[in-house]
*Asks:* 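Take this structure, written in structure tokens, and hold onto it; I'll ask about it next.
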Amino acid sequence: MKRRLLLALPIAMLFAPLAVAQPKPGDPKEETAETIDGVKLSCRFYKAVKQGNNSCAILLHDYNADPSKGDWDGLARFLAVDCGINVMRFDFRGHGQSTSVIADKFWKESWNQRHVSGYNRRPTKTEIEVKDFKPDYYPMLVNDIAAVRMLLDQKNDDRQVNTRTIYIIASGSAAPLANLFLATEWSRPAVKPAPVGVFGQVQNYVNFGTRRTAGTEVAGKDYAGLVLLTPTRNFTYPRGNQTVKSTVNNFELKNWVSKYSRDTQGGGDLRNTSGLVVMFGDKDDDGLKQGDWFYNDLMNADAKHGSSRLKPMSNSKLIPIKGAKEEGVGLLGKNAQYHVEDTIKAFIEKIEGDRKRLNPIDRGYDRPFHINLGTFGTY
């Protein structure tokens, strides 16, 4: 009898259910966001663990960089577990796993036709890489951030998150993209507009100064804080076997902040709504120059430059990290040494206390707006 049981045991084990690793608090969920021009963006959503305002953060990696490099995952988990912030990471178009496009949508966009290699290729090209982009294609990536924002707004409408408070954390060459995107958000209605006209069409373009229904808010007011890790106006792009450097125009970048990041209808602007933290290594000479330019020349956060009557930005700091020579995302994952994550946490906690009474509102968006970049001084 005993021998028969012993023989039966291995057979039973073959049919036993395999152990499945249980998700840990802060583990991401793989998702996809589709841009207005048909790019499928690879996203990772980290649900907040701690109870709080249910606020959100969007993480932006460098242009022409591997989004899996650096401790983005560690920062996202830290924010979700320790700060109670919902986090969305994603790969910009042509980067990482965001290489698939819906050809019928993507190649209808005139800027894609002119500035991405492969238009009219047969068979039709359905995969793109950053090496396919011409240097003046760079601003087009704000449409990726817009698609991610829409994905968060859909979660907001399901009450998974609250998009009344959003933080943007950008590394290096993603900083100008963050500024351009925020400029467009100050002209986008916070709630999907009602249909207008005989055929009940819904406006689907964001132009500078876009009019909205009286009594409604602008999306720009949802952005509570901007964290820049070694921001730079420079970005690189592949050209054959070489890597070439280009620079975002200073005049355009300043206009994105001073001219376009404001509500032309109801009042308010980026400087009076969002906090700002700029960090860089004090052993990084170029990072110091660029960080100082973003904080003082671009944002005028301390309101000490020029003869303007601006007020200092609240919750804002310029922070050289003692002993650090790393750049951008390279500053992450060394919290015991550099305290970058702790600094971000303290920044967020201060703002969260100021915005704790902002209840979620239904957004109603089922697709992102098409950003008319020409009206924001681009192209």
Side-chain angles (χ1 to χ4, degrees), residues 33-39 41 58-65 67 90-95 98 101 105-117 119 128-150 168 170-188 204-210 219-220 223 226 228 231-239 244-262 270 290 293-294 298-299 368-379:
E34 184 183 321
T35 69
I36 193 66
D37 58 335
V39 182
L41 301 176
I58 301 174
L59 309 187
L60 307 181
H61 67 80
D62 286 77
Y63 186 84
N64 191 30
F90 73 99
D91 301 344
F92 278 115
R93 63 179 63 196
H95 296 74
S98 297
V101 301
K105 290 184 177 181
F106 186 80
W107 296 115
K108 278 184 179 179
E109 168 60 50
S110 61
W111 201 255
N112 293 340
Q113 294 174 8
R114 296 196 303 270
H115 299 285
V116 180
S117 300
Y119 177 56
I128 57 171
E129 297 181 55
V130 67
K131 67 180 182 181
D132 299 325
F133 303 159
K134 297 179 182 179
D136 46 9
Y137 191 69
Y138 171 87
M140 189 69 177
L141 274 66
V142 296
N143 286 288
D144 300 353
I145 313 175
V148 169
R149 168 66 202 260
M150 188 208 68
I168 292 182
S171 170
S173 55
L177 289 173
N179 284 120
L180 176 54
F181 172 69
L182 289 172
T184 69
E185 289 288 83
W186 278 93
S187 286
R188 183 178 70 84
N204 198 42
Y205 277 82
V206 178
N207 302 304
F208 173 60
T210 296
Y223 296 90
L226 178 62
L228 303 179
T232 177
R233 290 159 284 175
N234 302 321
F235 64 94
T236 63
Y237 61 94
R239 178 182 287 173
V244 183
K245 185 173 75 171
S246 187
T247 302
V248 178
N249 182 278
N250 283 1
F251 180 76
E252 285 186 3
L253 186 45
K254 287 185 176 182
N255 274 341
W256 296 342
V257 173
S258 61
K259 181 177 179 180
Y260 299 115
S261 291
R262 59 188 179 89
L270 171 67
Q290 295 271 357
W293 188 90
F294 271 83
L298 177 63
M299 302 296 290
F369 269 20
H370 193 297
I371 298 171
N372 188 349
L373 289 168
T375 68
F376 295 94
T378 302
Y379 303 153

*Asks:* Within a strict 4.5 Å, meaning less than it, do heavy atoms of the H370 and E109 side chains meet?
*Replies:* yes

*Asks:* Quick one: does H61's side chain have a donor or acceptor within less than 3.5 Å of a partner on D91's backbone?
*Replies:* no

*Asks:* For side-chain contact (heavy atoms from CB on, under 4.5 Å), just list the numbers for F369 and R149, CA-CA rounded to whole Å, side-chain angles, deciding distance to a tenth of an Å, and then say yes or no.
*Replies:* CA-CA 10 Å; F369 269 20; R149 168 66 202 260; over 6 Å; no

*Asks:* Are V101 and N112 packed together at the side-chain level, in the sense that at least one heavy-atom pair is separated by less than 4.5 angstrom?
*Replies:* no

*Asks:* Applying ring pair (Phe, Tyr, Trp, His ring centres under 6.0 Å), name anything that partners F376, two or more places apart in sequence or on another chain.
*Replies:* Y260

*Asks:* Any chance the side chains of N143 and T35 put a donor and an acceptor closer than 3.5 Å?
*Replies:* no

*Asks:* Output all residues satisfying ring pair (Phe, Tyr, Trp, His ring centres under 6.0 Å) with F235, sequence neighbours left out; order by chain, then residue number.
*Replies:* Y63, Y138

*Asks:* Taking the side chain as every heavy atom from C-beta outward, state whether V39 and M140 have any atom pair closer than 4.5 Å.
*Replies:* no

*Asks:* Run through T247, N249, N250 and flag the one making a side-chain hydrogen bond (donor to acceptor under 3.5 Å, both in side chains) with R233.
*Replies:* N250

*Asks:* Using 30° and 60° as the class boundaries, would you call the ring planes of H95 and F92 parallel, tilted or perpendicular?
*Replies:* perpendicular

*Asks:* Is it true that atom CZ of R239 has more than 12 heavy atoms of other residues, nucleotides or ligands lying nearer than 6.0 Å?
*Replies:* no

*Asks:* Got D37 and W107 here, is their nearest side-chain heavy-atom distance under 4.5 Å?
*Replies:* no

*Asks:* Is the backbone of S173 close enough, under 3.5 Å, to the side chain of D62 for a donor and an acceptor to pair up by distance?
*Replies:* yes

*Asks:* Between R93 and L141, is any pair of side-chain heavy atoms under 4.5 Å apart?
*Replies:* yes

*Asks:* Check whether any side-chain N or O of S187 sits under 3.5 Å from a backbone N or O of T184 as a donor-acceptor pair, and report yes or no.
*Replies:* no

*Asks:* Does the side chain of S246 reach to within under 4.5 Å of the side chain of Y237, using non-hydrogen atoms?
*Replies:* yes

*Asks:* Under the criterion side-chain contact (heavy atoms from CB on, under 4.5 Å), which of V248, L253, V142 is the partner of L180?
*Replies:* V142

*Asks:* For the backbone of W256 and the side chain of N179, can you confirm whether one donor and one acceptor N or O come within less than 3.5 Å of each other?
*Replies:* no

